[in-house]
> 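Let me give you the structure first, and then I'll get to my questions.
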Amino acid sequence: MKYKGLGLLAVVGTILVLAGCGGSKQPESQSKQLLQVQKRRLTHTKVKQVADNVHVLVPRTAKKQNLVQAQTYKAAALSAMKKVKGDAQSKAAYVTFSGEPTYRNFWRLTPTVRVYQRQKGDTKQVKQQKLAGINVDMTSGKTVTAASLMTGVQQLRAVNYHALAQAVAHKHYTPIQLQEARAMVFLNSMQAQNFKLAADSLTIYPTANKLNIKSVQLPMTTIAGYLNKLNKVHEPTFGNKKVVALTFDDGPNVKTTPTVLKTLKQEHVKATFFMVGYEVKANPQLARTVVKDGHEVGTHTFDHKNLAFLNPAAALAEVNTAENAMFNALGTLPTMLRPPYGAVNATHDSSIPLPSVQWAVDSQDWRVHAPAPIVSRINATVYPGSIILMHDIHPQSVAALPNVIKTLKAKGYTFVTVNQLLGKYLLPGEQYFGAGNHRPI
Ligand code: NI
């Protein structure tokens, strides 16, 4: 381990009490060996007095002193001391740090304030309290913030949304509780430090919340692509392989969707369904069957409103209501939005935390009343990497599907889901049309 002890030691013990309170007797229980260890570590630290009887241990070397801003802990130490009864002169507080390596050259330092009191000639620790931890880059000596992990606010929004989705997943929350979950603040800005990074996960400590959620641990597999200052994540490429993603909007519909599912199963094709909330609410079992069959799902709003015509608050409410319906049926929040009519605008989208999945090939299946034109239109406009728009609510679409799949297979296409096509690290504020084909809203 390259960390040779900053001297930010959790247990400070008697030496400091002697220094702070002057002349108190060392408790008998303190072993000499521990004392030696502490002395050694303490040579690496510097005691800073930040108030009367408040001391903070900071690293001795100039570069690493920046890791700990001693003044930051003055208020917390004073408040901890106040909670201890007795004459102010009898009390002293020390803020010390324990550290653990978390990821590469990052460490997390956890400050602890300890209050000592002189009682009848003896000095005793009477209070101990952990304070909010800090992440530090041991190489540069700088604080690690959200900006150390990711390049921009869209990545931050994506991570926050995934944190929310994970916090609520399969918890059977009511719509009111979901709303409380949405009010939780995870990473509030690029300066946020309320997280712990490990090689395989990012743990976020949200602000106090009614659901009493203290931390959310996000697996790196869910968010690696958003931490794009640490990880190089490439969009999927398919080489010479011809892939397309079939998408179905406006369901699930009890009359038509089961046949679509049957055809997909027979053809061994996985697709992506963008469901409207009122249909999910009416047919929760069918929504679950879609997921159980291995297809991806996203939201298509609650009742198919044109979001671009709504103000940001109304657009978000529409998305949230739809999410509630999916959460009720599936136990999870959707992570993709297909905006009805493909209608987006930058103003409303600043409030919606989901990526917008558009399409490149429009089957126009709602326009016609027979399957043949649907098959020929798709075949005339398809290209490798494209997202194909269909609807699982029209009989002509259901009838066309077997031939759509067969003709595309004959052309050498294989079928993938939207996340397989685009990669799973999609960003809010971005609209996606196909592989390598996306742009900001
Ligand atoms: Ni639609």
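Counting starts at 1 for both ligands and their atoms, following the listed order.
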> Please give me the minimum heavy-atom distance between Val357 and Arg338, naming the atom from each residue.
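That would be O-NE, 3.0 Å.
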> Please report the number of protein N, O or S atoms that lie less than 2.8 Å from the Ni ion (ligand 1).
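My tally for this metal is 3.
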> For the aromatic rings, using the six-membered ring if either is Trp, is the centroid distance between Phe273 and His300 under 6.0 Å?
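No, they do not, as the ring centres are separated by 6.0 Å or more.
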> Apply ring pair (Phe, Tyr, Trp, His ring centres under 6.0 Å) to Tyr73 and Phe97, showing your working.
CA-CA 11 Å; Tyr73 301 99; Phe97 294 80; 5.4 Å; yes
> Can you tell which of Asp365, Asn253, Asp249 makes a side chain to side chain donor-acceptor pair (under 3.5 Å) with His391?
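Running side chain to side chain donor-acceptor pair (under 3.5 Å) over Asp365, Asn253, Asp249 with His391 returns exactly one hit, Asp365.
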> Tell me whether Gln166 contacts the main-chain N or O of Ala163 through its side chain, where contact means a donor paired with an acceptor under 3.5 Å.
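Checked: no pair found.
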> For Phe106, enumerate each residue passing the side-chain contact (heavy atoms from CB on, under 4.5 Å) test, keeping only those at least two apart in sequence or located in another chain.
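Expected list: Thr102, Tyr103, Asp137, Val144, Leu149, Leu197, Leu230.
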